[in-house]
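Note that the structure is predicted; figures quoted are calculated from it, not measured.
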Amino acid sequence: MSDVRKLIRDIDRGKNLQKSLPVYRDLLADTYLDYAAVELVFSSYLLVDSLPEYRDIPSEERSLCDEVISQLRSLTRIPREEIPKLLKDLQEIRDRITKTMEQYTFYTDRLICYEYVLDRMRLRFAEDKEIEEQLGDIQEEEFVNRLMAFVAANEDQSIVRDRLQSLMGIVPVHMTKNKLLEKIEQTVTLYKGSDAASLEGFAYMIRSAAMLHSLEENTDEEIYSFLMELEETDFRELAADTYEMLCDRLEQVSKRICETTDFYYSLQKVVNGCYAFGLAKLHNDKDTETQKISHRILSAVVNGKLQEEELEKLEGRIEACVEQSSYLEAVLFEVKSSCQEILKELDLEREFEDYARIANLLSDSLFMDLEKEGPEKSVDEQKAAQVAAELTEELSSKLAECKRPVKKAVMAAVLEKLPAGFPGTREVEEYIRTNLFGCQDVSEKAAAILELEQMMREEERW
């Protein structure tokens with residue numbers, strides 16, 4: 001490993017790259033070949049092993065799963081010259097899964113808002129003596145002091161910021177639409193000079209929280225129909241039986257989304273593993289011991305004949321691959337972007353693009369856009385102004401069409417994504433007293449207090 005560290009240091013310093021980069025390329029080729037194979041073995045085993053849990057999935061999902069397993073079966077015996085065609089097919093499958101998962105994410109964003117609305121109405125429709133007693137024991141001064149200690153007393157300022165943002169999403173919202181739009185504009189200005197992808201990520205996050213992304217009905221007609229029903233519901237005039245029905249259906253739909261997204265996560269992990277392994281085989285066809293073991297296990301997995309003890313033969317190998325790859329990836333993306341002329345001279349330009357892609361495929365970001373290439377643009381004043389104008393216009397229109405309970409839910413969800421922006425602890429305390437204990441809606445106030453109590457208890461357990 002010391003030789004690897006020295007090689008990485010030399011490359012990082014730009015030292016003797018004509019000699020260092022081919023050696024580095026060989027290390028990448030060998031590491032990713034075994035890493036992708038072992039990762040694919042375990043992700044495939046977990047998918048196939050969990051298939052009985054997904055027996056109720058729709059036929060379309062089951063058909064997609066069969067397609068992925070078919071590609072996996074092909075990968076265990078495909079000639080090297082046919083790998084590019086396989087990779088093209090895998091990219092198409094990956095795009096379909098990513099698009100579907102995006103829609104389920106949009107479904108979830110909306111359900112979170114409506115869950116907020118229903119949760120804050122709970123005590124209007126249900127007598128709960130235990131909750132009433134719990135709330136009766138809460139004294140404003142003692143509760144505010146505890147909450148302030150929880151939020152502001154941590155030495156890690158990133159934790160303080162996270163807790164403040166969580167608080168903003170829980171405490172009842174008493175803010176004008178214009179004030180919220182102003183906070184968004186102020187936040188966008190913080191991205192000036194940063195890379196454009198960061199600002200795009202922020203804008204995407206705000207649109208998600210505010211239910212601004214459009215839905216496609218054909219992804220899941222039942223869930224789409226329920227969301228349209230929620231959109232048409234006048235929560236201010238809700239009867240008790242309708243409230244209970246909506247709560248029950250929201251729970252059922254949420255459970256269904258969790259099961260479906262778990263399935264797609266498992267599926268995407270296998271697709272990414274196949275894709276990474278195919279790319280690695282394209283540049284390195286060594287038949288290592290790890291390759292032999294992995295090939296036997298994969299063949300057994302796709303044919304439903306795996307003996308679980310066979311997996312023990314790969315114990316320790318994934319850890320070694322992860323450790324080696326973490327060292328190698330320390331300079332991989334910098335080499336790919338900054339050493340293009342030398343890579344071109346060495347005829348390694350395409351190969352390093354593939355290694356960067358393998359690194360992304362084997363990362364925890366299962367749905368990363370693999371096609372995004374080129375130098376990052378920075379955010380200038382014009383770009384910041386454009387994004388701020390688009391966000392505020394879209395959000396303003398959304399809030400104008402929402403009934404008050406939903407409007408407050410959207411504003412709370414957006415506030416939780418923005419920097420809290422309090423100058424000091426005194427302002428935080430004043431915000432809590434005014435917005436929480438000054439809230440005139442008893443049910444909303446109670447729900448917020450209970451959620452804050454839960455947040456503090458969960459953090460204490462950790």
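Not a single donor-acceptor pair under 3.5 Å links the side chain of Tyr114 to the backbone N or O of Ala409. Side-chain N or O atoms of Glu416 include none that pairs as donor or acceptor with a backbone N or O of Ser166 at under 3.5 Å. Thr31 contributes no side-chain N or O that, together with a main-chain N or O of Leu28, makes up a donor-acceptor pair within less than 3.5 Å. Counting only distance, with no hydrogens or angles, the side chain of Ser44 and the backbone of Val41 share no donor-acceptor pair below 3.5 Å. Remark: side-chain polar atoms of Asn435 are paired, donor with acceptor, to backbone N or O of Tyr431 under 3.5 angstrom. For Ser338 (side chain) and Val335 (main-chain N/O), no donor-acceptor pair under 3.5 Å exists by modelled atom type. Proximity of a side-chain donor or acceptor of Arg163 to a complementary backbone N or O of Phe150 within less than 3.5 Å is detected. Of the possible donor and acceptor atoms, one in the side chain of Asn272 sits under 3.5 Å from a partner among the backbone N and O of Leu366. Using modelled atom types, one side-chain atom of Thr189 and one backbone atom of Gln186 make a donor-acceptor pair closer than 3.5 Å. Using modelled atom types, one side-chain atom of Thr176 and one backbone atom of Lys179 make a donor-acceptor pair closer than 3.5 Å.
Residues Phe277 and Ile358 fail the side-chain proximity criterion, which asks for heavy atoms closer than 4.5 Å. When side chains are defined from C-beta on, Glu182 does not count as touching Met175, because their heavy atoms never get closer than 4.5 Å. Side-chain contact check for Lys183 versus Val414: every heavy-atom pair is 4.5 Å or farther apart. The shortest side-chain heavy-atom distance between Thr261 and Thr108 does not fall under the 4.5 Å cut-off. Looking at heavy atoms from C-beta onward, Leu75 lies out of side-chain contact with Leu298 at the 4.5 angstrom threshold. Considering only heavy atoms from C-beta on, Lys269 comes within 4.5 Å of Glu39 through its side chain. Two residues are said to be in side-chain contact when any heavy atoms from C-beta on lie closer than 4.5 Å; Leu87 and Leu282 meet this criterion. Counting heavy atoms from C-beta on, the side chains of Leu180 and Leu418 come closer than 4.5 Å.
Relative orientation of the His213 and Phe106 rings is parallel, given thresholds of 30° and 60° on the angle between their planes. By the 30° and 60° cut-offs, the orientation of the rings of Phe352 relative to Tyr355 is perpendicular.
Rounded to the nearest 0.5 Å, atoms OG1 (Thr219) and NZ (Lys99) are 7.5 Å apart. In this structure, CZ in Arg296 is found 7.0 Å from CD in Glu310, a value given to the nearest 0.5 Å. Taking CG from Asp285 and CG from Leu33, the interatomic distance works out to 8.0 Å, rounded to the nearest 0.5 Å. From Ile78, atom CD1 reaches atom CZ of Arg73 across 14.0 Å, with rounding to the nearest 0.5 Å. Taken from CD in Gln103 to OH in Tyr264, the straight-line distance is 11.5 Å, to the nearest 0.5 Å. Note that the CG atom of Leu391 and the OH atom of Tyr204 stand 13.5 Å from one another [nearest 0.5 Å].
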### Task
Would you please test Gln454 and Glu458 for side-chain hydrogen bond (donor to acceptor under 3.5 Å, both in side chains) and show each step?
CA-CA 6 Å; Gln454 183 181 355; Glu458 287 177 353; 3.1 Å; yes
### Query
Does the pair Thr260 and Thr100 meet the rule for a side chain to side chain contact (heavy atoms under 4.5 Å, CB included), with working shown?
CA-CA 10 Å; Thr260 305; Thr100 300; over 6 Å; no
### Task
Start with the C-alpha gap between Ser325 and Leu362, add the side-chain angles, then the distance that decides, and say whether side chain to side chain contact (heavy atoms under 4.5 Å, CB included) holds.
CA-CA 10 Å; Ser325 66; Leu362 296 177; over 6 Å; no
### Query
Passes salt bridge (Lys or Arg N to Asp or Glu O under 4.0 Å), Lys286 versus Asp30? Steps please.
CA-CA 8 Å; Lys286 288 182 181 177; Asp30 290 346; 3.0 Å; yes
### Message
Please evaluate residues Arg350 and Glu353 with respect to the criterion salt bridge (Lys or Arg N to Asp or Glu O under 4.0 Å), reporting the C-alpha separation (whole Å), side-chain torsions for both, the decisive distance (0.1 Å), and the verdict.
### Response
CA-CA 5 Å; Arg350 178 68 242 180; Glu353 286 179 7; 3.2 Å; yes
### Message
side chain to side chain contact (heavy atoms under 4.5 Å, CB included), that's the test. Do Lys19 and Asp10 meet it? Break it down for me.
### Response
CA-CA 10 Å; Lys19 182 180 178 182; Asp10 287 348; over 6 Å; no
### Task
Show your working on side chain to side chain contact (heavy atoms under 4.5 Å, CB included) between Glu67 and Arg96 and close with a plain yes or no.
CA-CA 12 Å; Glu67 196 173 340; Arg96 280 156 55 196; 3.2 Å; yes
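Annotation: Tyr265, atom OH; neighbour count of heavy atoms from other residues, nucleotides and ligands within 6.0 Å does not exceed 12. Residue Glu60 places its CD atom among 12 or fewer non-hydrogen atoms of other residues, nucleotides or ligands, all under 6.0 Å distant. In the displayed structure, Glu390 atom CD is contacted under 6.0 Å by more than 12 heavy atoms of other residues, nucleotides or ligands. Annotation: Glu289, atom CD; neighbour count of heavy atoms from other residues, nucleotides and ligands within 6.0 Å is above 12. The number of heavy atoms from other shown groups lying within 6.0 Å of CG (Asp347) does not exceed 12. Heavy-atom neighbours of Glu81 CD from other residues, nucleotides or ligands within 6.0 Å: above the threshold of 12. More than 12 non-hydrogen atoms from other residues, nucleotides or ligands lie less than 6.0 angstrom from CD of Glu229. Counting heavy-atom neighbours within 6.0 Å of Lys192 NZ, excluding the residue itself, gives a total above 12.
The minimum heavy-atom distance between Cys65 and Leu51, with the atom names listed, is SG-CD2, 3.5 Å. Residue Ala384 comes nearest to Val188 through the heavy atom pair O-CG1, 3.3 Å, listed as atom of the first residue, atom of the second, then distance. The two residues Ser294 and Leu314 come nearest to each other via the heavy atoms OG-CD2, 4.0 Å. Nearest heavy atoms, Leu452 versus Ile170: CG-CG2, 3.6 Å. Scanning both residues, Gln268 and Phe367, for their nearest heavy atoms gives NE2-CD2, 3.3 Å. Heavy atoms only, all atoms of each residue included: Leu47 and Ser266 are closest at CD1-CB, 3.8 Å.
Taking the six-membered ring for Trp, Tyr45 and Phe42 have ring centres at least 6.0 Å apart.
Exactly one of Val322, Thr290, Leu40 qualifies for a side chain to side chain contact (heavy atoms under 4.5 Å, CB included) with Tyr35. That residue is Val322.
Judged purely by distance below 3.5 Å, without hydrogens or angles, the side chains of Gln91 and Asp95 pair a donor atom with an acceptor atom.
Remark: Arg120 is positioned above the aromatic ring of Tyr116, its terminal NZ or CZ atom under 6.0 angstrom from the ring centre and at most 45 degrees off the axis.
For Ser365, the side-chain contact (heavy atoms from CB on, under 4.5 Å) partners two or more places apart in sequence, or in a different chain, are Ser363, Met368.
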